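Let me begin by presenting the structure, written as structure tokens, before commenting on it.
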Amino acid sequence: MRRVTMRTRIAALPLTAALAGALLAALFLLLTPSVARAGGVVTICDQGHLAAALAGGGSVTFNCGGPATITLTSQIVITQNTTIDGGSLGLVTLSGGNTTRIFTTTAGVTLRLYNLALRLGNSGGQGGGALHLFGPAVLSQTLVEDNRGYSSGAID
């Protein structure tokens, strides 16, 4: 039988500390939250729930239970590539309420809008009452009407 002395315990200490450190690092990596990719289905059709679904980009659709108009009190700034689809029936209208622009994108961000209506956006003396774009945009089956802006009423 091997006799354990104080010297043996001290010699084993660095190995134990290294193993504990590796375990803690692995545990930290497993428990660190990853950045959530937003998107999904907006079922409560108001600005707060839309903004929450849009945070971080991704693909956003709607299930409002019928036609819905979301009237914004401030513009929504899109900072990640984003697709917004109002559904095949196009029952979702995003409105600036004649007081605010609907969307602004940051540089290089792609915004795709499908099956929506963008109405009553107002840029307040700047261009693009509905959309102020710093990257590419794709609009398909999207109605853009009654928007106001200084140099361009709808899209700048």
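Everything numeric here is computed off the predicted structure, so don't read it as measured data.
For L72, the side chain to side chain contact (heavy atoms under 4.5 Å, CB included) partners are Q47, I70, I76, T100, I102, not counting sequence neighbours. By the side chain to side chain contact (heavy atoms under 4.5 Å, CB included) test, A137 pairs with L133, L139, sequence neighbours left out.
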Practice problem: Show your reasoning for whether side-chain contact (heavy atoms from CB on, under 4.5 Å) applies to N81 and V109. | Solution: CA-CA 5 Å; N81 292 337; V109 169; 4.0 Å; yes

Quiz item: Going through the checks in order, is the side-chain contact (heavy atoms from CB on, under 4.5 Å) test met by L118 and T142?
Solution: CA-CA 7 Å; L118 304 178; T142 296; 4.2 Å; yes

Practice problem: Determine, step by step, whether I78 and T106 satisfy the side-chain contact (heavy atoms from CB on, under 4.5 Å) criterion, reporting the C-alpha distance in whole Å, the side-chain angles of both residues, the deciding distance to 0.1 Å, and the verdict. | Solution: CA-CA 6 Å; I78 305 294; T106 57; over 6 Å; no

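Screening residues 92-132 for ring-ring contact (aromatic ring centres under 6.0 Å, His included), with sequence neighbours left out, gives H132-F134. Legend: ring-ring contact (aromatic ring centres under 6.0 Å, His included) pairs involving residues 43-76, not counting sequence neighbours: none detected.
Each of V144, L131, T83 was scored for a side chain to side chain contact (heavy atoms under 4.5 Å, CB included) with L113, with one residue passing: L131.
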Output a table of donor-acceptor pairs, distance under 3.5 Å, between side-chain atoms of residues 84-98 and any protein atom two or more places apart or on a different chain; print 'none' if there are none.
unit_1, atom_1, unit_2, atom_2, d
D85, OD1, G87, N, 2.8
D85, OD1, N115, ND2, 2.9
T93, OG1, R119, NH1, 3.4
S95, OG, G97, N, 2.9

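Residues N147 and G121 come closest through the heavy atom pair OD1-N, 2.6 Å. The shortest non-hydrogen separation linking T104 to R101 is OG1-CD, 3.4 Å. Scanning all heavy atoms of the two residues, the minimum distance from G128 to S123 falls at O-CB, 3.6 Å.
Proximity of V41 to N63: side-chain heavy atoms (C-beta onward) are separated by under 4.5 Å at one or more points.
For CD of E145, the number of neighbouring non-hydrogen atoms (other residues, nucleotides, ligands) closer than 6.0 Å is greater than 12.
Between the CG atom of D46 and the CG atom of L50 there is a distance of 8.5 Å, given to the nearest 0.5 Å.
Under a 4.5 Å side-chain heavy-atom criterion applied to ILVMFWY residues, the cluster that includes L120 comprises that residue alone.
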